[in-house]
There are 2 protein chains.
Amino acid sequence: MSFKYTPPKYAQLIAELERRIESGEYPPGSPLPSEHQLMAEFGMARPTVVKALGVLRDQGWIVTHQGKGRFVRGRPAIASGQQTRMGRELLDRKEAQVESSLLSAGPVPAPNRIAAYLNIEPKSPVVLRKILVTRDDEASEISSTWVPADVAEGTPLTGTDDLKQGVRRYVEAAAGIQLDHIVEHVTARNPTREECKLLGVKPSAALLAVYAVAREATGKPWVVVETVLPGDRHELEDAYPIK
Amino acid sequence: MSFKYTPPKYAQLIAELERRIESGEYPPGSPLPSEHQLMAEFGMARPTVVKALGVLRDQGWIVTHQGKGRFVRGRPAIASGQQTRMGRELLDRKEAQVESSLLSAGPVPAPNRIAAYLNIEPKSPVVLRKILVTRDDEASEISSTWVPADVAEGTPLTGTDDLKQGVRRYVEAAAGIQLDHIVEHVTARNPTREECKLLGVKPSAALLAVYAVAREATGKPWVVVETVLPGDRHELEDAYPIK
DNA sequence: TCAGCCAACTTGACTGACCAAGTTGCTCTC
DNA sequence: GAGAGCAACTTGGTCAGTCAAGTTGGCTGA
């Protein structure tokens, strides 16, 4: 006795039209069959056809022009919202799953930049958790997590064991909120003396510094994850539509 | 005799629901009125109500749960696709509208990195257009545009006049294509001797280097716009949803 | 008291129909 | 030959109705 999931009709139409676009049957720039033709071919009501075509338009597979028709663009080069983003990775990184060593984990006064990102007073108590990440036996990056002390208290963030979950989980649970979006800041700077030693770079080296500030839906920030990477060995990559 | 645009009914419903969410009448976490209630209150058919609610869901104002109802999230912190992106600005920048001076404009052999981004052989002929951008009478960034020579030939990119349009327009017209998306690479490096002189920084300074590669929908790249900024004076900022 | 069932409620999907707005090509008139 | 009008076609918006799938609360029976 097996149960078979049948997708809704509009989803089936989406899949078939994508297949035809991908196969070249409907090449970029060519007109799509009219709604009326698709209704006849697939035996569907117009609103069902229109729903499928609406999804394809929203995803960027086609463009529509009232009175003229719909035209093929092709598989969207950018899968909307699908890109890997540095901040997301940092927030969800499980220390137990990467080669890393804990440098420090405990309360410190918030430096000016971190205080500004967290919207708190400079020198407010925050918990700093700092690790050195290694890749292929080479020191690769230094990652620092900054959480307001009253939130981090009692969480594994202040402990010495490798984190089995990403920072996000601990902060969400401790603060009883859901993190919504990340504001990411990228800059370049020279390394501190400590960073020179840990990363094996010269004092004149150029480091990429990324600060991912995670906020809840209202915009209130709850955690900053900073990572510094030697510029000669790392490059951030991102893709987005032109308009 | 005046003509007044009346938005479609579903758009009016969207606007009213957004207003109520923003005003606190429907606070975050609270249930939205059911479809049936909205139909009665606004005198609309169910598909019209559903269409409006679908847009609000897609934009992140609400979340929906079949059988349970729809719940308020609030104004999305990230307006999808609305962020300013460095690559977009670079591609559409009109030299005539910024304080800049032309450093060079002419054919050069493609350096390795640029060739890789343009998917051409190293040392292939490309046109390099390089400008120094000034802000508040201070040298701020060096921007270089790299276009395959056969595309740039005959365009204002090889000329000495300030560009009145962004690079995008010239490339699209010359190549007879439409640019679709940008793949952006960010790294940190030390300045060249020339850059030290132009930007007024020390050889040990850390520069942010941004390469925006503009591609058509098929993924074929057509132009690279590089910009280098002193790290101590610049920071890139970006925001995106966590999931 | 607890578990199961059912009714009422909710959103998801689908149908058929009609009117509005935009596009294009053909025909007719000047 | 050029311009205007109209018919046929296209997508955009709206209505009314039905069935499917999921949730919740109340009632009944063990």
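Per chain, numbering begins at 1; letters A, B, ... match sequence-line order.
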What's the closest nucleotide to the B:T64 side chain, out of C:dT11, C:dA13, D:dT11? C:dT11
Which nucleotide in D:dG22, C:dA13, D:dG12 has an atom nearest any side-chain atom of B:Q66: D:dG22
Rounded to the nearest angstrom, tell me the gap between atom [atom1] in [X] and atom [atom2] in [N].
X: B:L13; N: D:dT14; atom1: CG; atom2: C1'; result: 13 Å
X: A:L53; N: C:dC14; atom1: CG; atom2: P; result: 14 Å
X: A:E35; N: D:dA8; atom1: CD; atom2: P; result: 19 Å
X: A:D58; N: D:dG12; atom1: CG; atom2: P; result: 11 Å
X: A:I14; N: C:dG12; atom1: CD1; atom2: P; result: 15 Å
X: B:M39; N: C:dT10; atom1: CE; atom2: C1'; result: 13 Å
X: B:R46; N: C:dC9; atom1: CZ; atom2: C1'; result: 12 Å
X: A:K51; N: C:dT11; atom1: NZ; atom2: P; result: 14 Å

Within the structure, does a side-chain N or O atom of [X] lie under 4.0 Å from either OP1 or OP2 of [N]?
X: B:K68; N: C:dT11; answer: no
X: B:S34; N: C:dT10; answer: yes
X: B:R70; N: C:dG12; answer: yes
X: A:H65; N: C:dT23; answer: yes
X: A:Y10; N: C:dA13; answer: yes
X: A:T48; N: C:dA13; answer: no

In terms of relative ring orientation, are B:H185 and B:Y117 parallel, tilted or perpendicular, with 30° and 60° separating the classes? parallel
At their closest point, which heavy atom of [X] faces which heavy atom of [Y], and how far apart are they?
X: A:A212; Y: A:G87; value: CB-CA, 3.7 Å
X: A:A174; Y: A:V151; value: CB-O, 3.3 Å
X: B:T160; Y: B:R129; value: C-NH2, 4.5 Å

Between B:P33 and A:P7, which is nearer to the 5' end of DNA chain C once each is assigned its nearest nucleotide? B:P33
Taking the nucleotide of DNA chain C with the closest heavy atom to each, which residue, A:M44 or B:H36, is nearer the 5' end? B:H36
Mind checking whether A:E184 and A:V210 have side chains closer than 4.5 Å, heavy atoms only? yes
Classify A:P8 by what it touches in the nucleic acid, base, sugar-phosphate, or nothing, heavy-atom distance under 4.0 Å. sugar-phosphate
